[in-house]
There are 2 protein chains.
Amino acid sequence: MRKTILLYALLLALLIFLLKVLEYKFFVRDLSLEFYIGVVALLFTGLGIWVGLKLTRKKNPIPPSPGGKFVPNESALQQAGISPREYEVLEGMAQGFSNQEIADKLFLSINTVKTHTSNLFIKLDARRRTQAIQKAKALGLIP
Amino acid sequence: MRKTILLYALLLALLIFLLKVLEYKFFVRDLSLEFYIGVVALLFTGLGIWVGLKLTRKKNPIPPSPGGKFVPNESALQQAGISPREYEVLEGMAQGFSNQEIADKLFLSINTVKTHTSNLFIKLDARRRTQAIQKAKALGLIP
DNA sequence: AATGCCTTCACCCAAAAGTATGATTCTCAT
DNA sequence: ATGAGAATCATACTTTTGGGTGAAGGCATT
C-alpha cells in the first residue's frame, strides 16, 4: 500500500513537472487550461479505475479435496486436545444443526452443548461456530 | 450508463467553469496550477474508483480462475437464483466471518448483509448460516 | 487421598444472528 | 415507459450464540 501511494505521488509530481515545462517552453498555458484539466482528469480517472479494480480483487483459499471416506486427522485432534464428546458436537455444528438440535441428537441439555462449543472455540481459536467449522476443516478434523 | 457519462461530462464542465471563474475573478491562476491539478486529480481519482467498483460489479462472472482455483457451479447458482452480491456474502459466511465483518469487507451496512443472508437462507432452504454453508458446499457453490 | 480431566448441567448477561416489513435507487428487458 | 429484480439501508423484534462462573459426579493417575 505504501508503495502504491508513493507511486501515486511520484506520478502526480511528474505530471506537474511536465505541465510546467510545457508552460514555460511553449507558452501555451492560456490556450489550454481546459486541455490540461481534461488530460489530468482522464489520466486520474484511469488511475482511479485501476485502483478500484485492485480493491475489488479478492483471494480464494484452496481447501484439501477428499477422496472417498473421511478419516479425521487424529494427530490434529490430539494436538488441539479435543475430547470425543466435543468432537461429536463439532460434527453436529458442521452439519448445520443448532445447539438445541445437537442437544436433542446427543440426549444432552442445551447447556452442556454450549459448554462443549465454548471449549471447542477455545481449542480451535475461533469466535464463531462458522469459524470453528472453517478451522476444523482446514485441520482435516471434519470433511 | 448513458446517465453516468452525462453526469461525468457535466461534472467536468462544471469544474472547468469554476476554475475559469476563479481565474478571472481572483487572478490566482499562476499561483495554483499545481493546486488545480491536485484537486482535479483527487476528484477524478475518486470518480475513477467509483466507476471501477461499478464496473467490476457488473462484468465480474469470469474472474481470473487459473488452475487450482475453485470454480462455482454456475448452473446450481442460477437454479437457486443467487445473485452476485448474495454470493459474495455467502463466501464471507463460509469463511467464518460475522455479518459485521462481511459488511466491512464489502462496504455495506450490516442491515444490507442481513438482507442478503435472509434471502440466501430462503434460496438455499436453510434456517441458519451453518446450514446454508453446508448446503452451498453440497451444491458445489463454494469450496 | 489428592489431582486432573471429562462430562454433565445451571444461570445470567451480552452480542450476534435471524425475521418481518417497508423504502429508495438503479439497471435491464420488454 | 413500465415493471421486475437487484442492491442498498432502516427499524423493530425474537431467537440463537457466546462468555463467564460455578458446581457435581465419574474415572483415571499419581
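Any value given below was found using the heavy atoms of this structure, including those in side chains, with hydrogens, waters and symmetry copies removed. Per chain, numbering begins at 1; letters A, B, ... match sequence-line order.
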Asker: Please determine whether side chain to side chain contact (heavy atoms under 4.5 Å, CB included) holds for the pair His116(B) and Ile102(B), giving the CA-CA distance in whole Å, both sets of side-chain angles, and the decisive distance to 0.1 Å.
Answerer: CA-CA 11 Å; His116(B) 287 319; Ile102(B) 294 170; over 6 Å; no

Asker: Taking the side chain as every heavy atom from C-beta outward, state whether Val113(B) and Leu106(B) have any pair of such atoms under 4.5 Å apart.
Answerer: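 Not in contact.
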
Asker: Do Val89(B) and Thr117(B) make a side-chain contact, defined as non-hydrogen atoms from C-beta onward lying under 4.5 Å apart?
Answerer: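 A side-chain contact under 4.5 Å exists here.
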
Asker: Starting at CG of Asp125(A) and ending at P of dG18(D), how long is that distance when rounded to a whole Å?
Answerer: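 So the two atoms are 14 Å apart, to the nearest Å.
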
Asker: If you find the nucleotide of DNA chain D closest to Thr117(A) and the one closest to Lys123(B), which residue's nucleotide is nearer the 5' end?
Answerer: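 First, find each residue's nearest nucleotide; the 5'-ward one identifies Lys123(B).
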
Asker: Taking atom C1' of dA17(C) as reference, at what distance in whole Å does atom CG of Asn119(B) sit?
Answerer: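 Spelled out: CG on Asn119(B) to C1' on dA17(C) is 15 Å.
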
Asker: Strictly below 4.0 Å: does Asn99(B) bring a side-chain N or O up to OP1 or OP2 of dA16(C)?
Answerer: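 No.
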
Asker: Look at the side-chain N and O atoms of Arg85(B) and state whether any lies under 4.0 Å from the OP1 or OP2 oxygen of dT8(D).
Answerer: yes

Asker: Give a yes or no on whether Lys105(A) atom NZ has more than 12 heavy-atom contacts from other residues, nucleotides or ligands under 6.0 Å away.
Answerer: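 Atom NZ in Lys105(A) is not crowded, with 12 or fewer foreign heavy atoms closer than 6.0 Å.
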
Asker: For the helix from dA1(C)-dT30(D) to dT30(C)-dA1(D), what is the angle between the axes at its two ends, each from 5 pairs, rounded to 10°?
Answerer: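 Inter-axis angle at the ends, rounded: 50°.
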
Asker: For Ile122(A) and dG18(D), give me the distance from atom CD1 to atom P, rounded to whole Å.
Answerer: 12 Å

Asker: Give the rounded distance in Å between these two atoms: CE of Met93(A) and P of dT16(D).
Answerer: 17 Å

Asker: Once you round it to whole Å, what is the distance between C1' of dT19(C) and CZ of Phe121(B)?
Answerer: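 It works out to 11 Å between those atoms.
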
Asker: Rounded to whole Å, how long is the line connecting atom CZ of Arg127(A) with atom P of dG18(D)?
Answerer: 12 Å

Asker: Please tabulate, for side-chain N and O atoms in residues 119-128 of chain B, each donor-acceptor pair with protein atoms closer than 3.5 Å (sequence neighbours left out).
Answerer:
| residue | atom | partner | partner atom | Å |
| --- | --- | --- | --- | --- |
| Asn119(B) | ND2 | Thr115(B) | O | 3.3 |
| Lys123(B) | NZ | Gly81(B) | O | 2.9 |
| Lys123(B) | NZ | Glu86(B) | OE1 | 2.8 |
| Lys123(B) | NZ | Glu86(B) | OE2 | 3.0 |
| Arg128(B) | NE | Gly96(A) | O | 3.1 |
| Arg128(B) | NH2 | Glu101(A) | OE1 | 2.8 |
| Arg128(B) | NH2 | Glu101(A) | OE2 | 3.2 |

Asker: Would you tell me if any nitrogen or oxygen in the side chain of His116(B) comes within less than 4.0 Å of OP1 or OP2 on dA6(D)?
Answerer: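 Answer no for this pair, as no side-chain N or O of His116(B) is under 4.0 Å from OP1 or OP2.
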
Asker: Given side chains that start at C-beta, do those of Gln95(A) and Thr130(B) come closer than 4.5 Å, heavy atoms only?
Answerer: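 No - every pair of side-chain heavy atoms lies 4.5 Å or more apart.
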
Asker: Is Arg129(A) near enough to dG18(D) that one of its side-chain N or O atoms lies under 4.0 angstrom from OP1 or OP2?
Answerer: yes

Asker: Can you check the Leu120(B) CG to dA7(D) P distance for me, whole Å?
Answerer: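 Atom CG in Leu120(B) sits about 11 Å away from atom P in dA7(D).
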
Asker: Heavy atoms only, 4.0 Å cut-off, all strands: where does Ser118(B) land among base, sugar-phosphate and nothing?
Answerer: base

Asker: In residues 106-115 of chain A, which residues come under 4.0 Å of DNA chain C by heavy atom?
Answerer: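 Under 4.0 Å from DNA chain C: Leu108(A), Ser109(A), Asn111(A), Thr112(A), Thr115(A).
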
Asker: Please check this pair: side chain of Tyr87(B) against backbone of Ile142(B), looking for a donor-acceptor N/O pair closer than 3.5 Å.
Answerer: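 Judged by distance alone, no pair lies under 3.5 Å.
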
Asker: Using whole Å, report how far CD of Glu86(A) lies from P of dC5(C).
Answerer: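 Interatomic distance, CD of Glu86(A) to P of dC5(C): 13 Å.
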
Asker: Could you check if a side-chain atom of Asp104(B) sits within less than 4.5 angstrom of a side-chain atom of Phe97(B), using non-hydrogen atoms only?
Answerer: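 Of all side-chain heavy-atom pairs linking Phe97(B) with Asp104(B), none is under 4.5 Å.
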
Asker: Okay, side chain of Ser118(A), backbone of Lys114(A): is any donor-acceptor separation there less than 3.5 Å?
Answerer: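 Checked: pair present.
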
